[in-house]
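Note: hydrogens, waters and symmetry copies are ignored here, and every other heavy atom, side chains too, is used. Letters A, B, ... are given to chains in the order of the sequence lines, protein chains preceding strands, and every chain is numbered from 1.
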Amino acid sequence: EAAVTQSPRNKVAVTGGKVTLSCNQTNNHNNMYWYRQDTGHGLRLIHYSYGAGSTEKGDIPDGYKASRPSQENFSLILELATPSQTSVYFCASGDWGGAQNTLYFGAGTRLSVL
Amino acid sequence: AQSVTQPDARVTVSEGASLQLRCKYSYSGTPYLFWYVQYPRQGLQLLLKYYSGDPVVQGVNGFEAEFSKSNSSFHLRKASVHWSDSAVYFCVLSAPNTNKVVFGTGTRLQVLP
């Protein structure tokens, strides 16, 4: 069964602090994604990756960095966290082509920046 | 650029009633289209997907969706809803040549017992 695991599940951070959200997938998918979910906005794409060593900017990349050190792992980094980054963050993995056209999501990380 | 519109932010139906959740998309070619469901404090789970073939696709738990290229739509349907179907439903588009994925803003479904 395809699996995407996010850690931590909950995080409280202080303004100006550094936050790292981690994502691990056992699906051997090339593509991985980070989204944030806010009321009234649905899911918005922050960064994505086509494979190990690659990161691409999504629709709302400002204030975030991403790192893909391996096929399995994709991290989202907030170097200087701000209260506006309080949100629920979802990681997903997926590949495209034929029967593989599916995104698999993690359970989410609830981040509060005080 | 591709986009997805879910015009209904909230839908309320009675248990046993039929359901349609609307989704309109904008894309010049043939996109991958998905419906996902999100239960409270959980991640998104796939209900069904479409890329080609029969425009009516069957999903889990009695859900189905119909693709219409002429109307640029991918509406979700269920013949008889159950209270446990209460959740947020997302229509999702992927443009194959970009590998990017676009979400609608979601429709919150409330099923009254």
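A salt bridge is defined here as a Lys NZ or Arg NE, NH1 or NH2 lying under 4.0 Å from an Asp or Glu carboxylate O, and B:Asp8 with B:Arg10 fails to meet this definition.
Between A:Leu76 and A:Tyr35, every side-chain heavy-atom pair lies at or beyond the 4.5 Å cut-off.
Of all non-hydrogen atoms in B:Cys23 and B:Trp35, the two that sit nearest each other are CB-CZ2, 3.5 Å.
Of the two parts of A:Asp59, only the side chain, counted from C-beta on, holds a non-hydrogen atom closer than 4.5 Å to a non-hydrogen atom of chain B. For A:Leu43, the parts sitting under 4.5 Å from any heavy atom of chain B are the backbone and the side chain alike. Residue contact with chain A, scored on non-hydrogen atoms closer than 4.5 Å, is absent for B:Gln6.
B:Phe63 carries B:Lys78 over the face of its six-membered ring, with the cationic atom under 6.0 Å from the centre and within 45° of the normal.
Note on A:Gln6, A:Arg110, A:Arg44, A:Glu56: by heavy-atom pairs under 4.5 Å with chain B, the leading option is A:Arg110.
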